Number of protein chains: 2
Amino acid sequence: MTVTLRDVARAADVSVATASRALAGSSLINQATQKHVVQVAAAIGYRTNTVARALKTRKSRLIGLTVHNLENASFRVLASVVQARMQALGYQVILSISNDDAEQEREIFKTLVDHSVDGLIAVPTGSNGAQLLAMEHADTPVICAVRRVTGASLESILAADMEGAYTGTQHLLGLGHRRIGLIVGPLDTTSGKERLAGYTRAMQEAGLTVDPALIHRGRYLPETGVTGGNALLSLATPPTAIFVANHESSVGVLRVVSERGLSIPSDLSLLFYEDSPWFEWQRPAISVVDSGAADMANLAVDRLMSRLGGVANSGREYRIGSRLVERASCRALPAS
Amino acid sequence: MTVTLRDVARAADVSVATASRALAGSSLINQATQKHVVQVAAAIGYRTNTVARALKTRKSRLIGLTVHNLENASFRVLASVVQARMQALGYQVILSISNDDAEQEREIFKTLVDHSVDGLIAVPTGSNGAQLLAMEHADTPVICAVRRVTGASLESILAADMEGAYTGTQHLLGLGHRRIGLIVGPLDTTSGKERLAGYTRAMQEAGLTVDPALIHRGRYLPETGVTGGNALLSLATPPTAIFVANHESSVGVLRVVSERGLSIPSDLSLLFYEDSPWFEWQRPAISVVDSGAADMANLAVDRLMSRLGGVANSGREYRIGSRLVERASCRALPAS
DNA sequence: CTGTTAGCGCTTTCAC
DNA sequence: GTGAAAGCGCTAACAG
């Protein structure tokens with residue numbers, strides 16, 4: 001039925017060992033035999049059985065990729081980029097979705113190990129560091145992306161959230177805004193904490209006292225945008241600009257703005273965090289602090305590949321700088 | 001290093017065969033030994049080597065999933081649902097992205113076969129039917145989802161596009177609209193053809209002659225929404241409603257509407273095809289013809305599982321009925 | 001019910 | 001440069 005290396009060997013009149021070497025492109029082999037074997041193999045339609053090879057070499061050419069979901073634009077970009085690049089490098093990726101649930105993630109990691117993935121790129125929930133460390137000890141490189149695990153010495157590729165929020169806030173400040181609202185994620189996540197810190201720092205450096213009423217924190221959900229937007233806009237002195245530093249809530253904020261009949265940017269300036277294709281199709285196009293998902297994905301792949309190539313775990317944290325993308329949703333305030 | 005079945009056998013003082021049977025939950029085994037082996041296995045931290053098992057049984061417990069991209073909401077839902085359900089069923093999914101490119105798809109299928117996936121759920125480009133058929137002949141079940149391959153007798157799970165477009169158009173007609181614009185995908189895709197057919201049928205049944213100027217067809221891209229929207233809205237007698245039956249162009253249409261300062265639904269009624277989470281967050285919330293991506297995904301999994309269970313290829317085409325989701329973007333026209 | 005044994009298809013010493 | 005042979009870890013006859 002299936003044509004095996006044996007068949008190739010027989011057809012090319014060499015031993016299986018030679019056939020294997022020829023196909024693997026081993027150096028210690030006669031050029032002529034090499035060519036011949038390769039030709040014969042192609043002729044009879046031979047394809048390496050990766051399972052058998054994996055059993056022997058303990059290399060599956062499979063890597064795991066776990067993300068919280070596929071709705072968040074950053075995770076989606078991560079999935080696309082990792083998939084495309086790893087495939088080009090001869091690896092297949094097993095995608096798993098954790099729903100940001102520690103329990104599910106635990107199961108996923110176990111199964112991935114069972115399938116003997118050669119490596120793992122994970123957006124971790126943060127709760128299964130021990131398991132990840134165990135994988136590292138079992139010589140399976142793990143790269144954390146977007147999120148990290150505190151206390152575990154794993155290579156992590158993160159966004160420079162503090163710096164990004166600082167840059168974004170500064171941009172708004174530079175435009176003359178003084179009352180700047182912030183909608184941010186939970187403060188028990190690194191990104192939530194750091195984005196708030198960046199905002200705070202920029203405000204303080206500008207000599208402004210941070211008004212707690214201008215800060216709304218909530219879950220990574222569209223609803224947060226609605227409650228946050230309404231809360232901020234209902235203030236006695238509402239903000240002249242809102243920095244939406246919680247990607248998922250963007251759509252909720254847009255809804256509130258539209259319901260209140262506010263026009264952007266004349267009534268309110270809006271700055272989002274993490275770019276999404278449709279932000280630029282929006283009218284006015286939304287300015288964003290792009291956290292660089294594609295670059296994070298690329299670096300994650302680069303790091304994984306070098307780990308796969310034998311480089312030791314640096315335990316290092318890499319930060320991808322944020323980038324301000326000015327579009328049309330922020331206006332300069334006339335000097336008053 | 002790694003603990004094998006041998007170790008379990010030794011530790012439990014039975015043969016490898018018995019250990020294997022105990023772990024596999026074979027029927028022909030003593031309850032007591034069974035329990036004992038399982039306990040010992042857990043105690044020494046045994047985990048089945050799926051690669052070795054796959055080599056022996058020719059079942060990898062891996063399935064392939066190919067989609068054009070992760071941006072289209074339907075593909076995303078397909079990926080999420082298939083991943084979650086297959087995982088729960090003890091399978092892992094290898095995700096590949098074809099970019100709707102026949103060449104890339106060809107490579108993907110080859111690699112998937114190399115990794116001996118047990119089955120495949122594919123959103124096919126349509127150009128590699130022979131390869132898919134070859135997989136079927138090699139006893140690897142293939143289920144096509146969302147798109148199909150003409151001329152190949154493969155099980156396909158499709159949306160009832162003709163019916164959906166018919167329903168959507170009828171809805172608009174029922175609201176009193178007579179000049180209904182249609183923005184649709186390429187006519188060399190099944191969905192493009194069928195959606196146009198559904199629209200045409202509804203119009204004709206209402207006794208209306210179809211004005212070709214009201215039909216804009218274009219690629220599955222946001223740009224199409226811009227050119228299409230502008231073309232339709234620039235007509236001497238512009239439509240009172242636009243049926244955007246090309247998911248990707250939705251965002252482009254919204255942009256045109258906003259640029260022209262049109263208000264929905266008073267100036268123009270809008271009906272989209274294929275639901276997306278953010279459509280309901282939009283203000284006004286967008287009415288849609290939901291093509292049922294989640295249901296397609298579920299059925300695809302069901303079909304794959306029964307094929308995996310030994311059921312023969314029915315070669316059948318399954319259609320998931322569309323559903324009209326009325327929100328707030330279509331208004332009834334006053335009888336004139 | 002349990003043990004012995006023969007591979008699945010491949011890579012890789014180790015001899016020649 | 002090439003071949004023979006030994007498994008990787010597991011399952012599935014086949015005996016007992």
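In what follows, chains are A, B, ... by sequence order, proteins preceding strands, each numbered from 1. Because the structure is a prediction, the values reported are computed rather than measured.
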Which nucleotide, dG9(D), dT2(D), dG7(D), lies nearest any side-chain atom of K56(B)? dG9(D)

Rounded to the Å, how far apart are D114(A) CG and dG9(D) P? 14 Å

Calculate the interatomic distance between K59(A) atom NZ and dT11(C) atom P; express it in whole Å. 14 Å

Is the shortest side-chain N/O distance from S20(B) to OP1 or OP2 of dC10(D) below 4.0 Å? no

When rounded to the nearest 0.5 angstrom, what is the spacing between CD1 in I108(B) and OG in S98(B)? 5.5 Å

Check this for me: D139(B), atom CG, are more than 12 non-hydrogen atoms of other residues, nucleotides or ligands nearer than 6.0 Å? no

Rounded to the nearest 0.5 angstrom, the CZ-CG distance for R319(B) and L158(B) is 4.5 Å

Residue whose closest nucleotide on DNA chain C lies nearer the 5' end, V14(B) versus T57(B): V14(B)

Calculate the interatomic distance between L5(A) atom CG and dC8(D) atom C1'; express it in whole Å. 16 Å

Would you tell me if any nitrogen or oxygen in the side chain of T33(B) comes within less than 4.0 Å of OP1 or OP2 on dT2(C)? yes

R6(B) has an atom CZ; how far is it from atom P of dC10(D), in whole Å? 10 Å

For atom CG of L55(A) and atom C1' of dG7(C), their distance in whole Å: 12 Å

Among R47(A), R61(A), R53(A), which one satisfies salt bridge (Lys or Arg N to Asp or Glu O under 4.0 Å) with D114(B)? R47(A)

Specify the separation, in whole Å, of atom CZ of R10(B) and atom C1' of dG9(D). 13 Å

Assess whether one donor atom and one acceptor atom, taken from the side chain of R21(B) and the base of dG3(C), lie less than 3.5 Å apart. yes

Given dC10(D), is OP1 or OP2 found less than 4.0 Å from the side-chain N or O atoms of T48(B)? no

How do D13(B) and A52(A) order along DNA chain C: which one's closest nucleotide is nearer the 5' end? D13(B)

Nearest-angstrom distance from the residue atom CG of N49(B) to C1' of dG9(D): 6 Å

State whether R58(A) places a side-chain N or O below 4.0 Å from either non-bridging phosphate oxygen (OP1 or OP2) of dG9(D). yes

Kindly say if S15(A) contacts the phosphate of dT2(D), meaning a side-chain N or O under 4.0 Å from OP1 or OP2. no

What is the distance, to the nearest angstrom, from the CG atom on D7(A) to the P atom on dG9(C)? 9 Å

Smallest heavy-atom separation, G292(A) atom then I320(A) atom, equals O-CG2, 4.1 Å

